[in-house]
Amino acid sequence: MALVTTKEMFEKSMKEGFAIGAFNINNMEIIQGIVDAAAEANSPVILQTSASAIKYARINYLMKMVQAAVEEHPNIPIVIHLDHGPDFETAKMCIDNGFTSVMIDGSKYDFEKNVALTRRTGCDSLAIAIGTSHGAYKFKGEAKLRFDILKEIKERIPNTPIVLHGASTVIPELVEMCNKFGGDIPGAKGVPDEILHEASISGVSKINVDTDLRLAMTAGIRKEFAENPNVFDPRKYLGEARELIKETVKHKMVDVFGSANKA
Ligand code: G3H
Ligand code: 13P
């Protein structure tokens, strides 16, 4: 199977009531961890990359690795998506390089300019704000999303796929692991699995996850360094990190988003 578009993927997710995980990629181990999880879970998957991740990894390397993932897993629908596209030029560069989906993010502008910029596009999906936020510190008190707003949006635009940004769980076990092995990430808090599951059966089609992958990668590397201080082969600690990323992504697909066996 070649790369597919988010438009095709969302048709199925909207019809069958599940969400597709969109995972941020920066390097080979992250890509492999994600697509190996998708293959084991028999799940569609969105690989996404920000402008700063493209700057870090370089678009040619990223696309070649994504193509390799597609060749290795021909039965898994895979999208490569630009996350938070800052402008027209970046979106065009990504499309010219084979991306099958792009986002334009006008949130840095005032409301009128954001609407004008976005309406041009004829957008296929819409990111909404119902209480999530990027990063590892999402809630001071109890984690809560405004499902009443989601319901109203779905009633007004029932045929538009809905996207949830900032949707990492900030998995407590991973935070604990980072802290146990020398990290310092106090008070981190994300969106619990039960709430994300509710979102996935309430009309959210795409759930964005980056922070949980960062935590998995860091936890795996820190643990390996702490437990085996004599190790200096990058394949050892990056291999641990890749495995933890795979487990993290598979759990989301199978137990939370409902996308397992929907490939
Ligand atoms: O929403 C942003 C993503 O987590 C990517 O972050 O721009 O640091 O790559 P980044
Ligand atoms: P998290 O920081 O919650 O992982 O969100 C990532 C995201 O929304 C990328 O667009």
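FYI, side chains are in, hydrogens and waters are out, and symmetry mates aren't considered; it's all heavy atoms of this structure. Counting starts at 1 for both ligands and their atoms, following the listed order.
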Nearest-0.5 Å distance that lies between atom [atom1] in [X] and atom [atom2] in [Y]:
X: N24; Y: D212; atom1: CG; atom2: CG; answer: 11.0 Å
X: L215; Y: L244; atom1: CG; atom2: CG; answer: 10.0 Å
X: S133; Y: K138; atom1: OG; atom2: NZ; answer: 5.0 Å

Nearest-contact summary for [atom] - protein heavy atom, Å:
atom: atom 4 (O) of ligand 1; answer: D210 OD2, 2.7 Å
atom: atom 2 (C) of ligand 1; answer: H84 CD2, 3.8 Å
atom: atom 2 (O) of ligand 2; answer: T211 OG1, 2.6 Å
atom: atom 3 (O) of ligand 2; answer: K138 NZ, 2.5 Å
atom: atom 9 (O) of ligand 1; answer: S50 OG, 2.6 Å

Quick one: does ligand 2 sit under 4.0 Å from the side chain of [X], the backbone, both or neither, non-hydrogen atoms only?
X: V170; answer: neither
X: D83; answer: side chain
X: A22; answer: neither

Which of the atoms of ligand 2 are close to [X], meaning less than 4.0 Å from one of its heavy atoms?
X: H165; value: 8 (O), 10 (O)
X: H134; value: 2 (O), 5 (O), 6 (C), 7 (C), 8 (O), 9 (C), 10 (O)
X: G166; value: 1 (P), 3 (O), 5 (O), 7 (C), 8 (O)
X: V209; value: 4 (O)
X: N24; value: 9 (C)

**Prompt:** Considering only heavy atoms of N24, which atoms of ligand 1 have at least one such atom less than 4.0 Å away?
**Reply:**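 In order of number, 3 (C), 5 (C).
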**Request:** Can you sort out which atoms of ligand 1 are near H134, meaning under 4.0 Å from one of its heavy atoms?
**Result:**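 Listed by number with element: 1 (O).
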**Request:** Using a 4.0 Å heavy-atom cut-off, say whether H165 meets ligand 1 through its side chain, its backbone, both or neither.
**Result:**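 None of H165 does.
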**Message:** Using a 4.0 Å heavy-atom cut-off, which part of T211 comes near ligand 1: side chain, backbone, both, or neither?
**Reply:**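 Contact part for T211 vs ligand 1: neither.
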**Asked** Do V35 and L47 have side chains that get closer than 4.5 Å, going by heavy atoms?
**Response**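 A side-chain contact exists here, since the closest heavy-atom pair is under 4.5 Å.
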**Request:** Side-chain contact test, heavy atoms from C-beta onward, threshold under 4.5 Å: evaluate it for V4 versus I78 and give yes or no.
**Result:**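 Result no, sub-4.5 Å side-chain heavy-atom pair not found.
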**Asked** Would you say R214 contacts ligand 2, with heavy atoms under 4.0 Å as the rule?
**Response**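 Judged by the 4.0 Å heavy-atom criterion, R214 does not count as contacting ligand 2.
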**Asked** Name the one of R146, K151, K144 that satisfies salt bridge (charged side-chain N to carboxylate O under 4.0 Å, His left out) with D148?
**Response**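 When R146, K151, K144 are each tested with D148, the salt bridge (charged side-chain N to carboxylate O under 4.0 Å, His left out) holds only for R146.
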Residues [X] and [Y]: side-chain donor-acceptor under 3.5 angstrom:
X: D193; Y: H251; value: yes
X: N179; Y: D184; value: no
X: D36; Y: Q32; value: no

**Item:** Nearest-option assignment for atom 10 (P) of ligand 1, heavy atoms, candidates S52, G135, A53, S133
**Value:**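 Residue with the shortest heavy-atom distance to the ligand atom: S52.
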**Asked** Short N/O distance, under 3.5 Å, between H84 and ligand 2?
**Response**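 Yes - when backbone and side-chain N and O of H84 are compared with those of ligand 2, one distance drops under 3.5 Å.
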**Message:** So for atom NZ, which belongs to K108, do other residues, nucleotides or ligands contribute more than 12 heavy atoms lying within a distance under 6.0 Å?
**Reply:**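 Above 12, so yes.
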**Asked** Under a single-linkage definition using a 4.5 Å side-chain heavy-atom cutoff for Ile, Leu, Val, Met, Phe, Trp and Tyr, are I130 and I20 assigned to the same hydrophobic cluster?
**Response**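 Per the 4.5 Å side-chain linkage, I130 and I20 are not co-clustered.
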**Transitive ILVMFWY side-chain link I104 to I95, under 4.5 Å** =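 Each belongs to a different hydrophobic cluster.
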**Request:** Test F225 against Y237 for ring-ring contact (aromatic ring centres under 6.0 Å, His included), laying out the working first.
**Result:** CA-CA 7 Å; F225 279 166; Y237 52 84; 4.6 Å; yes
**Prompt:** Can you find a non-hydrogen atom of R214 under 4.0 Å from ligand 1?
**Reply:**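 Yes; R214 lies near enough to ligand 1 that a heavy-atom distance drops under 4.0 Å.
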